[in-house]
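Encoded as structure tokens, the structure appears first; notes follow it.
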Amino acid sequence: MVSAILRLTLDQVEIRRGGRCILGPISLTIEGEGITILLGPNGSGKTSLLRAMHGLERISGGKVSWQGPKDRVRARQAFVFQSPVLMRRSVLDCIAYPLLLDGVGKATARRRAADRGAEVGLGDLLENPANSLSGGERQKMALARALIRAPEVLFLDEPCANLDGRSTREIETILQSARADGTRIVMSTHNVGQARRLADHVLFLHDGLLRESASGCEFFTAPATPEAMAHINGDLLP
């Protein structure tokens, strides 16, 4: 997939709440292909950074820049939350919903949603109410809903945080398939093992600051900061 909206550039981005800086200043660039993992302990600023990139979080300073006009940028990216947003619809209709918003006919949208649902392993559950799904199934549905538009960039906030090993493997397989299809993935996790399995590139955050930016291989082989080394080793960070 040739991207029309990357590169994504953050220039001295800050987020302040209650007079306190909780993120930044952070400057970085995301472009090209692959999976970028935002890694760091809980409270390090991963979710705030993801939301700032996607435009869900109002920034207090600095600038977030995409390539292209705002309407195209918004249409060509998607966000999957740690706790999936559910609607009072069937699994099939939840997956089809973004296409209906785009003006796709109902029959076509449902057909494409059925194909996407089957691809993520929900083929036998499409007519079930979305709120009847297990945690792992809900994440699969959320991914299918996000991917049905074939976004150029997909943001995910700790999508496997509350899942067992089997569900985590299944979600990771879906993400690797999306990567192979050309979707640029930016995902937060505090799970070092998951980061090792998925990361082409790592952004390591601690205490609201970007402490390290490196390829996955470089980061896990020779981390450049003591904070990153401690996190990889499973030590607690202050």
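Residue numbers count from 1 along this sequence.
With hydrogens and angles disregarded, no donor-acceptor distance shorter than 3.5 Å links the side chain of Arg211 to the backbone of Phe204. The backbone N or O of Ala4 lies less than 3.5 Å from a partner atom in the side chain of Arg72, making a donor-acceptor pair. Side-chain N or O atoms of Asn233 include one that pairs as donor or acceptor with a backbone N or O of Met229 at under 3.5 Å. No donor-acceptor pair closer than 3.5 Å links the side chain of Ser167 to the backbone N or O of Asp164. With hydrogens and angles ignored, the 3.5 Å screen pairs a side-chain donor or acceptor of Ser44 with a backbone N or O of Pro41. For the pair Arg184 (side chain) and Glu31 (backbone), a donor-acceptor distance under 3.5 Å is present. Distance alone, capped at 3.5 Å, is enough to place a donor-acceptor pair between the Gln139 side chain and the Gln82 backbone. Not one N or O on the side chain of Arg76 forms a donor-acceptor pair closer than 3.5 Å with the backbone of Ile5. Checking side-chain atoms of Gln12 against main-chain N and O of Gly62 turns up no donor-acceptor pair under 3.5 Å.
Once rounded to the nearest 0.5 Å, the distance linking OG of Ser65 with CG of Leu10 reads 8.0 Å. Once rounded to the nearest 0.5 Å, the distance linking OG of Ser48 with CD1 of Ile15 reads 5.0 Å. Residue Leu156 holds its CG atom at 8.0 Å from CG of Leu50, rounded to the nearest 0.5 Å. Summarising the geometry, atom CG belonging to Leu205 is positioned 11.5 Å from atom CD belonging to Glu227; distances are rounded to the nearest 0.5 Å. Separating the CD atom in Glu33 from the CG atom in Leu6 is a distance of 10.5 Å, to the nearest 0.5 Å. Leu122 contributes atom CG, which lies 11.0 Å from atom SG of Cys94 (distance to the nearest 0.5 angstrom).
Side-chain contact annotation: Glu14 with Ser60, donor-acceptor N/O pair under 3.5 Å absent. Checked by atom type, the side-chain pair Glu170/Thr173 shows no donor-acceptor distance below 3.5 Å.
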Practice task
For the pair Asp200 and Arg179, evaluate side chain to side chain contact (heavy atoms under 4.5 Å, CB included) and give the outcome as yes or no after the intermediate values.
Solution key: CA-CA 11 Å; Asp200 296 296; Arg179 178 197 184 283; 2.8 Å; yes

Handout entry: side chain to side chain contact (heavy atoms under 4.5 Å, CB included) evaluation trace for Thr29 with Leu8
Key = CA-CA 6 Å; Thr29 298; Leu8 165 61; over 6 Å; no

Exercise for the section: Using the side chain to side chain contact (heavy atoms under 4.5 Å, CB included) rule, take Ile148 and Leu99 through it: C-alpha gap first, then chi angles, then the decisive distance, then the call. Expected result: CA-CA 8 Å; Ile148 199 166; Leu99 297 181; 3.5 Å; yes

Practice task
Could you go through the side chain to side chain contact (heavy atoms under 4.5 Å, CB included) check for Leu125 and Leu133 one step at a time?
Solution key: CA-CA 8 Å; Leu125 301 172; Leu133 298 180; 4.0 Å; yes

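The shortest side-chain heavy-atom distance between Thr47 and Leu38 does not fall under the 4.5 Å cut-off. Looking at Arg7 and Ile30, their side chains never come closer than 4.5 Å, going by heavy atoms from C-beta outward. Looking at Glu158 and Met187, their side chains never come closer than 4.5 Å, going by heavy atoms from C-beta outward. At a threshold of 4.5 Å between non-hydrogen side-chain atoms, the residues Leu210 and Leu203 count as touching. Here the side chains of Ile171 and Lys140 are in contact, with some heavy-atom distance below 4.5 Å. Using a 4.5 Å heavy-atom cutoff, the side chains of Lys70 and Val73 are not in contact. With a 4.5 Å cut-off on side-chain heavy atoms, Thr183 and Val153 do not count as touching. A 4.5 Å side-chain heavy-atom check between Ile95 and Leu126 finds at least one atom pair inside the cut-off.
By the 30° and 60° cut-offs, the orientation of the rings of Phe79 relative to Phe81 is tilted.
The local environment of OH in Tyr97 is sparse, with at most 12 non-hydrogen atoms from other residues, nucleotides or ligands closer than 6.0 Å. Atom CG of Leu236 has 12 or fewer heavy atoms from other residues, nucleotides or ligands within 6.0 Å.
Under 4.0 Å is where a charged nitrogen must lie from a carboxylate oxygen, and between Arg197 and Glu172 at least one such pair does. We find that Glu57 and Arg17 are joined by a salt bridge, their nearest charged nitrogen and carboxylate oxygen being less than 4.0 Å apart. In summary, Asp157 and Lys46 do not engage in a salt bridge, as defined by a charged side-chain N under 4.0 Å from a carboxylate O.
No path of Ile, Leu, Val, Met, Phe, Trp and Tyr side chains, each step under 4.5 Å between heavy atoms, connects Met87 with Leu92, placing them in separate hydrophobic clusters. Follow the hydrophobic side-chain contacts under 4.5 Å out from Leu39 and you never reach Leu28; the two are in separate clusters.
A side-chain hydrogen bond (donor to acceptor under 3.5 Å, both in side chains) check over residues 118-130, counting only residues at least two apart or in different chains, returns the pairs Arg116-Glu119. For residues 133-163, the pairs satisfying ring-ring contact (aromatic ring centres under 6.0 Å, His included) are His54-Phe155, with sequence neighbours left out.
Taking every heavy atom of both residues into account, Leu86 and Asn131 meet most closely at CD1-CA, 4.1 Å.
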